[in-house]
Every structure is written in structure tokens, then in C-alpha cells.
Amino acid sequence: MSTTDSRPRILVTRAIFPEVAQRLSEHFDVESNTADDDWSRGELLHRLQDKTGALTFGLERIDADLLARCPHLKICANMTVGYNNFDLDAMRVAGVLGTNAPDVLTETTADFGFALLMATARRVTESEHFLRAGKWTRWQYEMFSGAEVHGSRLGIIGMGRIGQAIARRAAFGFGMQVVYHNRSRLDATLEADCRASYLSKEELLKTADHVMLVVPYSKESHHTIAAAELALMKSTATLINIARGGIVDDGALAAALREKRIAAAGLDVFEGEPRVHPDLLTVPNVVLTPHIASATPGTRRAMAMLAVDNLIGYLIDGRAVTPLNADGLVARAAA
Ligand code: DGY
């Protein structure tokens, strides 16, 4: 048997930076989806059959069925911070580790949250479309007037690392009054550090000028914002979703936007993406971007490298860097 044959086998499910693939190949036998094809579930299962690890992209459903059919698999390393593609209970039962990529994308994603807030409140894309369509013939004093950002009240739902980074930008950069809602309240030091005060979700929705969603997706957070929550918001408010599709009921949001029950929305994530609810495509007061909040080369590279660190850490050195379900995990024996 050659040296190469005895190394752990890794599947990279999508195209990735060449230097990331190169680093993986220094340690593992690697099969990469260099063509960036959309593999069917069957194709993914087939390719994972003989693999010990996978570098995943937050898109592949890792559940009991897949784990039962991939007996060699010991680790799935997401290059994303979100991990709602993992059934962590099933992974724990199967003895398979899941890892994600936190921290390295925090500031970049917070920047983008702010970009989307600014573009939405100040109607950047709507007015650009107007200009490109040749409709700008004269300046008018009320043309595309938007919502004030500086000095307004920002409500953040989900106050993890990214929520906190957004709060600091808002409070210190834009003099905003920051309120937040989170499963658990931050300690007083962290609240002071972010200059943020805790509110119930209802109070936040009723009083915020802008609402930013940064909450992780789970069964519990599904449709955190649906028709009832939209009805609580100010008619002048904007809603920004950089969290996950499914946190917002996109159909209810499109109706609220069309009927001007809220002023505008900025969405980077969608229910069932890359499909976008058709009603969102026909309302003018929404800014739509294709899940790019962490998309700078440096950040995406750092996310992928952290996934590689996790694969090397777990399969070679015995310890992953950012494990999700390591506590009490009885690792799968070599098959
Ligand atoms: C994440 O890391 O979860 C992002 O949504 C992907 O860019």
C-alpha cells in the first residue's frame, strides 16, 4: 500500500480556494468538487462512502440516514459559522464530530449588515434602478427620501458575536440607540461594551426604527418574524435579515412591504434559497443580495482554512479547534 493510500480520505463538496485544497492535500487524500457541480443527495452519499472527513459548506444535510450509509465518516467541518445543515443529535449518536467556523467572519459580516441597513434605509438600490432606467430627468426635494440611520433606534435580534459587532458600529459609529433581544441576556459588562439595552422581542419590534436579525436558525427560531411580528413594527421601520432563510416568513414580508405596513427590508438570506419568493422580486422597497455577508476573499479564505484546521486537528492531532458536539462524543471506531 502506498503512503497516500493510508492517509484519511476527505471530500470537499464544493469548489474552494486552490491554496486551501493544496493544504488539505498535504495531509489527506482529497476528492474535490473542483467543477462546483450541484451534487444530488445520491451523488453526495456515493462520494462520501469511503471518506473519513468532509469539508462542507453549510448546505449538505448531515442526518441519521446519511451517517448510517457513510460508515467511515468521522467529521464534517463546515466552513460556515451557521450549522443548521447538521443534525447534531444524530451526529452525536453516530459518533461523528461537527465543526463550524466562528469568529473569523464576525467583523466582515457586521460590515455587511450595516451596508444592507444603509442601502435599505436610504433606498440606494431603488434609486439606482430608477437612474439606470433613464427616469431621472430632474432633481426634486423629496426624491427618494429615506429613513434616518444616525441617532435612530436599532433593534438587534440575536446578540451573539455578530450582533455585538453590529451594536458597536451602531452605537459608536452612528450614535444609534441600540436595543437587543436574545435567548439569554448579556452580562452587564458586555451590555456596556456594546452600549445596548435588553428588551422583550415585542417591545423591540414596537419601538425600533430598524430591526436587524442575526439569530441562528433552529426549529425554535423558524419564522421569528411572521405576520404577527410585522404587524407590531412601525410603518416607517426597516427590517434587515443577514441570519438565515426561514427566520423570516418571506411571503408575509412581501405582503407587508407591498402594503407599506413597514417601509423597507434588506435581505441577504431567503427561505429555500437560492430560490427567492417571487413576491419579493416584484416589490420595489426591498434590497436583495445573494447570501454574501461574509464574502471577502480574506474572510472566506479564513473560514475555509479554519475548516481545514478542524479536519487536521481532529483526524491527525486528535483535537478539533471549534467543535460543536465534542462533549461526551464517543468517536466512531475506524471502519
Ligand atoms: C455562515 O457562515 O453561516 C454564513 O451564512 C455563510 O456565509
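The analysis underlying the following values was restricted to heavy atoms, covering all of them including side chains, and did not include hydrogens, waters or symmetry mates. One-based numbering, in listed order, for ligands and for the atoms of each.
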Specify the closest pair of heavy atoms between Met303 and Ala101, including all atoms of both residues, with the distance to one decimal. O-CB, 3.9 Å
Could you pull out the closest heavy-atom pair between Gln49 and Cys70, with the gap in Å? NE2-SG, 4.2 Å
Is there a donor in the side chain of Thr282 and an acceptor in the side chain of Arg258, or the other way round, less than 3.5 Å apart? yes
Tell me, which pairs form a salt bridge (charged side-chain N to carboxylate O under 4.0 Å, His left out) where one or both residues lie in residues 157-185, sequence neighbours left out? Asp103-Arg161, Glu107-Arg169, Asp111-Arg169, Arg168-Asp193, Arg185-Glu191
side-chain hydrogen bond (donor to acceptor under 3.5 Å, both in side chains) contacts in which one or both residues fall within residues 113-124, not counting sequence neighbours: Arg123-Glu126
Can you sort out the partners of Phe57 under ring-ring contact (aromatic ring centres under 6.0 Å, His included), two or more places apart, ordered by chain and number? none
Can you list every protein residue that has a heavy atom under 4.0 Å from any atom of ligand 1, sorted by chain and residue number? Thr80, Val81, Gly82, Leu105, Arg244, His291, Ser294, Arg300, Met303
